[in-house]
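Notes for the one structure printed next.
Chain identifiers are assigned alphabetically (A, B, ...) following the order of the sequence lines, protein sequences preceding nucleic acid strands; residue numbering begins at 1 within each chain. Everything numeric here is computed off the predicted structure, so don't read it as measured data.
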2 protein chains.
Amino acid sequence: MPRPDKGTRQKLVDTAADLIWISSYGSVSVDDICRAANVKKGSFYHYFPSKADLAIAAMEEHFAEDLEPYFQQVFAANVPFAQQIENFADSILEEQRTAQEKYGRVCGCPLAALGSEMIGEEGQIISAKVQEMFGKCQDYLKAAISSAIAANAIEAKDADEKVRELHDFITGLMMMGRINNTLDGLEHDLKPGMQRILGLAVKQQILKKSL
Amino acid sequence: MPRPDKGTRQKLVDTAADLIWISSYGSVSVDDICRAANVKKGSFYHYFPSKADLAIAAMEEHFAEDLEPYFQQVFAANVPFAQQIENFADSILEEQRTAQEKYGRVCGCPLAALGSEMIGEEGQIISAKVQEMFGKCQDYLKAAISSAIAANAIEAKDADEKVRELHDFITGLMMMGRINNTLDGLEHDLKPGMQRILGLAVKQQILKKSL
DNA sequence: AGAGTAATGTACCGATTAGTCAACTATGAT
DNA sequence: ATCATAGTTGACTAATCGGTACATTACTCT
């Protein structure tokens, strides 16, 4: 589904996001990005003052254009909490499957991969942005959990605690999926694990055969 | 407590492990390692044919010298399973605290950080070694869980499943600790989470004040 | 003591890195 | 039409990368 003529800037953002996701920030050079996007280096630095700025732009725009609308849909107020969580788990798995098909490997969470890599002085700015993005994601989770608590839909008391538990759990599954290049953990444990953390009924789940 | 005259080779291994742990493989150059270890480049390549070989040696030796004896102690056959798990959780937290004091930040799991970064063609060998190392760690976990199952100490049936769940869970906590530079998740959720996964009694835990 | 080898030190290599620069072209408003 | 501006291009830099070559030093065995 390639949109026709995405514009140079957008091509750079998308290409960089892809390349970094399937390998790492450090191992993808500006030349790599330019080559893959079919853009000359001069144009790169016309749009972005540095490689780090492109990465940050990629994060912000991916969040604003993909993640934010997605969260608003999944956690829409009219959907019951248990269903929100089910949908959330399903869509994570689906995204990972799609990426696996597209790139030939399990990719995990791009923010976590980047955040882990960019530890240390040189990566401060990017690392801070990763934390900020994670924070924004957690805000959506927190809103959903808070209203579930208010509605007595779950027993939990501290929404922040549950958000952290949930996020840490999900990140673990995605990270190990990335490292071991397998969806096993996500397929088997994601949904029931999330339900268990939140004190929701854990349904016996039927796994779709992987294609 | 620096041992006197560690030997050039060992200094390289230890220094590289440290530097890579607190930043990343890609952002640490051979020159960085040599400078920090006070070793000349010629000596580096006398002991290791490449940077990647040093990283692999560091993983293997860290496992053989630190991790393996540690696992044998924690999962010693005469220790009750519930206690094994408690000790395991405690020691993970302690290791993270120690590293935090030493390096001024939460470092998380070095294998996971490296494994996530080394995805992609260029990192195949290192990535495979990370998987191998994780596999060896899981073997110890599996042995402990299997005998707990055999002794009816826990309800679980499939040891492999529990090992995966446990490993994914722990990795998630450590990874988010690294990314967000906080021990909150590990301090609050590690032990009860492990106990819950394994169907063990979840004790109310008293948290040590962080120093 | 002397020979062989292990270890060290220094100077170097070509390739690659992020980033610069000035010339060029397309565009759009007046 | 013209003029400023946005966008593009390819050649360029200085620094750094992983790795090599080779001479020198230290150690060990006889």
Side-chain angles (χ1 to χ4, degrees), chain A residues 3-20 22-59 61 114 117-127 129, chain B residues 3-20 22-59 61 114 117-127 129:
Chain A
R3 298 176 233 172
D5 213 295
K6 266 196 296 182
T8 303
R9 202 196 115 99
Q10 198 60 42
K11 273 201 297 190
L12 285 169
V13 168
D14 293 347
T15 306
D18 279 5
L19 291 182
I20 293 172
I22 60 172
S23 54
S24 67
Y25 180 83
S27 72
V28 173
S29 71
V30 174
D31 288 304
D32 289 335
I33 297 167
C34 291
R35 202 176 310 120
N38 196 27
V39 167
K40 304 300 170 210
K41 211 174 204 174
S43 292
F44 182 108
Y45 284 98
H46 174 72
Y47 291 103
F48 303 99
S50 75
K51 182 185 169 189
D53 284 280
L54 169 58
I56 286 170
M59 279 189 272
E61 287 164 34
L114 191 54
E117 183 186 353
M118 299 315 280
I119 268 184
E121 292 184 19
E122 303 161 4
Q124 275 178 1
I125 320 137
I126 294 180
S127 174
K129 181 57 71 175
Chain B
R3 299 177 233 170
D5 213 295
K6 267 198 295 185
T8 303
R9 202 196 115 99
Q10 197 60 42
K11 273 200 297 189
L12 285 170
V13 168
D14 293 347
T15 306
D18 280 5
L19 291 181
I20 293 172
I22 60 172
S23 54
S24 67
Y25 179 83
S27 71
V28 173
S29 70
V30 174
D31 288 306
D32 289 335
I33 297 168
C34 290
R35 203 176 311 120
N38 196 27
V39 166
K40 303 300 171 214
K41 213 173 200 175
S43 292
F44 182 108
Y45 285 98
H46 173 71
Y47 291 103
F48 302 101
S50 76
K51 182 185 170 190
D53 284 279
L54 170 57
I56 286 170
M59 280 190 272
E61 287 164 33
L114 190 55
E117 184 187 352
M118 298 315 280
I119 267 184
E121 293 184 17
E122 304 161 4
Q124 275 179 0
I125 319 136
I126 293 181
S127 175
K129 182 57 70 174

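Neither OP1 nor OP2 of dG7(D) sits under 4.0 Å from any side-chain N or O of T8(A). Checking the phosphate oxygens (OP1, OP2) of dT8(C), no side-chain nitrogen or oxygen of H46(B) falls inside 4.0 Å. OP1 or OP2 of dT20(D) has not a single side-chain nitrogen or oxygen of Y45(B) nearer than 4.0 Å.
Closest to the D32(B) side chain, of the nucleotides dA18(C), dC17(D), dT8(C), is dC17(D).
E61(B) is linked by a side chain to side chain contact (heavy atoms under 4.5 Å, CB included) to R9(B), Q10(B), V13(B), A57(B), E65(B), counting only residues two or more places apart in sequence or in another chain. Every residue two or more places apart in sequence or in another chain that forms a side chain to side chain contact (heavy atoms under 4.5 Å, CB included) with E122(B) is listed here: S27(A).
Separating the OH atom of Y25(A) from the P atom of dT17(C) is a distance of 13 Å, rounded to the nearest angstrom. Here dT9(D) presents its P atom at 8 Å from CG of N38(A), a figure rounded to the nearest Å. A straight line from CZ of F44(B) to P of dA7(C) spans 16 Å, rounded to a whole angstrom. Put simply, CD1 on I20(A) is 14 Å from C1' on dA18(C), counting in whole angstrom units.
Of the residues in residues 47-55 of chain A, those lying under 4.0 Å from DNA chain D by heavy-atom distance are Y47(A).
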Nucleotide N/O to protein N/O under 3.5 Å, stretch nucleotides 22-28 of chain C:
none

Find every protein N or O atom lying less than 3.5 Å from an N or O atom of nucleotides 13-16 of chain D, and list the pairs.
none

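Judged by the 6.0 Å and 45° rule, K11(A) forms no cation-pi pair with Y47(A).
The list of side chain to side chain donor-acceptor pair (under 3.5 Å) pairs with a residue in residues 30-44 of chain B, not counting sequence neighbours, reads S29(B)-D32(B), D31(B)-K41(B), D32(B)-R35(B).
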